[in-house]
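Each remark here refers to the structure printed beneath this line.
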Amino acid sequence: MINWLHMEDGYCEGCFKAVFFRDDENGDELTVMAKSPELRAGAEKCVEALNGLTDSQIDEICKSIINHLKENGMDEEFDLSQLDDFRGILNCCWFTTLYVNMLSEEDETDYVLEGEGDWGDVIGIVVNNGKLIYVGNDYFEYMKEE
């Protein structure tokens with residue numbers, strides 16, 4: 001359930017409790033942003049989808065973050081070999097915002113989860129209808145325009 005904080009024409013923002021992903025400052029509370037108040041139900045569907053990710057989907061996200069870091073470089077002080085397993089990458093990153101990437105209530109669930117990591121860069125995770133589409137720095141390229 002989203003606690004809506006701001007609702008204006010062309011913008012709305014709220015917060016919700018995340019089941020798996022964490023923010024370093026707010027714990028399990030993340031921000032959700034949608035392009036309009038008319039997308040509130042879509043935002044609820046996106047939060048439900050994020051909180052309902054399966055273990056295999058979370059594993060795929062973790063492995064994709066690691067692959068992105070290997071392919072694109074990272075801060076010299078960050079060392080992937082220190083991870084106990086691939087899910088350990090989640091102890092090295094935090095997430096702040098879930099962007100609702102839907103243009104109408106009838107769209108498939110589509111969202112972008114934005115975060116940062118100890119490796120010194122931002123990262124985004126794009127998920128459409130339960131399928132991981134992209135993990136990396138250029139996640140805003142996947143945002144739909146009205």
Side-chain angles (χ1 to χ4, degrees), residues 2 4-6 10-36 38-146:
I2 298 172
W4 292 104
L5 305 171
H6 304 283
Y11 166 80
C12 62
E13 177 183 355
C15 60
F16 69 97
K17 299 283 185 189
V19 171
F20 194 79
F21 298 97
R22 301 285 180 250
D23 179 12
D24 66 335
E25 293 181 11
N26 298 317
D28 62 355
E29 188 171 278
L30 304 183
T31 298
V32 60
M33 297 183 77
K35 294 175 179 140
S36 73
E38 289 78 32
L39 289 172
R40 286 181 298 175
E44 293 283 356
K45 290 192 298 189
C46 288
V47 166
E48 184 179 313
L50 176 71
N51 283 338
L53 289 172
T54 65
D55 283 339
S56 63
Q57 289 170 312
I58 293 168
D59 289 349
E60 181 183 13
I61 288 170
C62 292
K63 290 175 184 175
S64 295
I65 292 171
I66 291 169
N67 287 338
H68 168 75
L69 295 175
K70 287 178 180 177
E71 293 172 6
N72 296 287
M74 59 196 111
D75 188 304
E76 292 175 6
E77 296 177 16
F78 184 74
D79 184 7
L80 284 171
S81 67
Q82 295 180 15
L83 302 178
D84 293 334
D85 62 14
F86 60 88
R87 275 204 180 194
I89 194 66
L90 294 178
N91 295 324
C92 303
C93 54
W94 54 95
F95 298 90
T96 57
T97 307
L98 179 74
Y99 295 98
V100 176
N101 196 23
M102 299 166 62
L103 298 178
S104 76
E105 299 286 328
E106 291 78 35
D107 288 354
E108 298 175 326
T109 55
D110 194 352
Y111 58 87
V112 176
L113 181 62
E114 178 182 62
E116 296 181 54
D118 293 340
W119 54 84
D121 209 354
V122 297
I123 197 163
I125 300 166
V126 180
V127 179
N128 179 279
N129 201 29
K131 182 178 180 197
L132 181 63
I133 303 298
Y134 175 80
V135 172
N137 306 100
D138 299 323
Y139 52 96
F140 277 117
E141 292 180 15
Y142 291 85
M143 293 296 288
K144 295 176 183 168
E145 297 293 326
E146 290 185 74

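Counting begins at 1 with the first residue of the sequence. Computed from heavy atoms alone, side chains included, the values below leave out hydrogens, waters and symmetry copies.
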About how many Å separate [atom2] of [Y] and [atom1] of [X], when rounded to the nearest 0.5 Å?
| X | Y | atom1 | atom2 | answer |
| --- | --- | --- | --- | --- |
| Tyr134 | His68 | OH | NE2 | 6.0 Å |
| Asp28 | Phe21 | CG | CZ | 13.5 Å |
| Gln82 | Leu80 | CD | CG | 9.0 Å |
| Ile58 | Ser56 | CD1 | OG | 8.5 Å |
| Asp85 | Leu90 | CG | CG | 9.5 Å |
| Leu5 | Cys12 | CG | SG | 10.5 Å |

Heavy-atom side-chain contact between [X] and [Y] under 4.5 Å:
| X | Y | result |
| --- | --- | --- |
| Leu98 | Leu30 | no |
| Ile61 | Leu132 | yes |
| Leu69 | Ile89 | yes |
| Cys93 | Ile123 | no |
| Ile65 | Trp119 | yes |
| Thr109 | Leu50 | no |
| Phe16 | Asn51 | yes |

Heavy-atom closest pair, residues [X] and [Y]:
| X | Y | value |
| --- | --- | --- |
| Val19 | Arg22 | O-NH2, 3.1 Å |
| Trp94 | Cys92 | CZ3-O, 4.0 Å |
| Met102 | Cys46 | SD-SG, 3.5 Å |
| Asn91 | Asp118 | O-OD2, 4.4 Å |
| Leu103 | Lys35 | CD2-NZ, 4.1 Å |
| Gly130 | Gln57 | O-NE2, 2.7 Å |

Inset, instruction - Go through the structure and list residues passing side chain to side chain contact (heavy atoms under 4.5 Å, CB included) with Ala43, not counting sequence neighbours. - result: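 Only Ile2, Trp4, Val32, Val100 meet the side chain to side chain contact (heavy atoms under 4.5 Å, CB included) criterion with Ala43.
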Inset, instruction - Identify, with sequence neighbours excluded, every residue that meets side chain to side chain contact (heavy atoms under 4.5 Å, CB included) alongside Thr97. - result: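 By the side chain to side chain contact (heavy atoms under 4.5 Å, CB included) rule, Thr97 matches Thr31, Met33, Tyr99, Glu114.
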Inset, instruction - Look at the side chain of Asn101 and the backbone N and O of Lys144, then say whether any donor-acceptor pair between them is shorter than 3.5 Å. - result: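 Yes; judged by distance alone, with no hydrogens or angles, the pair exists.
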Legend entry - Any donor-acceptor N or O pair under 3.5 Å, side chains Asn137, Asp121: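 Yes, Asp121 and Asn137 have a side-chain donor paired with an acceptor closer than 3.5 Å.
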Legend entry - Which residues share a side-chain hydrogen bond (donor to acceptor under 3.5 Å, both in side chains) with Asn129, sequence neighbours left out: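 For Asn129 the side-chain hydrogen bond (donor to acceptor under 3.5 Å, both in side chains) partners, ignoring immediate neighbours, are Glu108.
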Legend entry - Which residues share a salt bridge (Lys or Arg N to Asp or Glu O under 4.0 Å) with Asp138, sequence neighbours left out: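 For Asp138 there are no salt bridge (Lys or Arg N to Asp or Glu O under 4.0 Å) partners, ignoring immediate neighbours.
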Inset, instruction - Under the salt bridge (Lys or Arg N to Asp or Glu O under 4.0 Å) rule, collect the residues that match up with Asp107, sequence neighbours excluded. - result: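 With sequence neighbours excluded, Asp107 shows a salt bridge (Lys or Arg N to Asp or Glu O under 4.0 Å) to no residue whatsoever.
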Legend entry - Pair Asp110-Tyr142, side-chain contact (heavy atoms from CB on, under 4.5 Å): steps then yes or no: CA-CA 10 Å; Asp110 194 352; Tyr142 291 85; over 6 Å; no
Inset, instruction - May I have all residue pairs that pass salt bridge (Lys or Arg N to Asp or Glu O under 4.0 Å) and include part of residues 46-60, sequence neighbours excluded? - result: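 Sorted result for residues 46-60: Asp55-Arg87, Asp59-Arg87.
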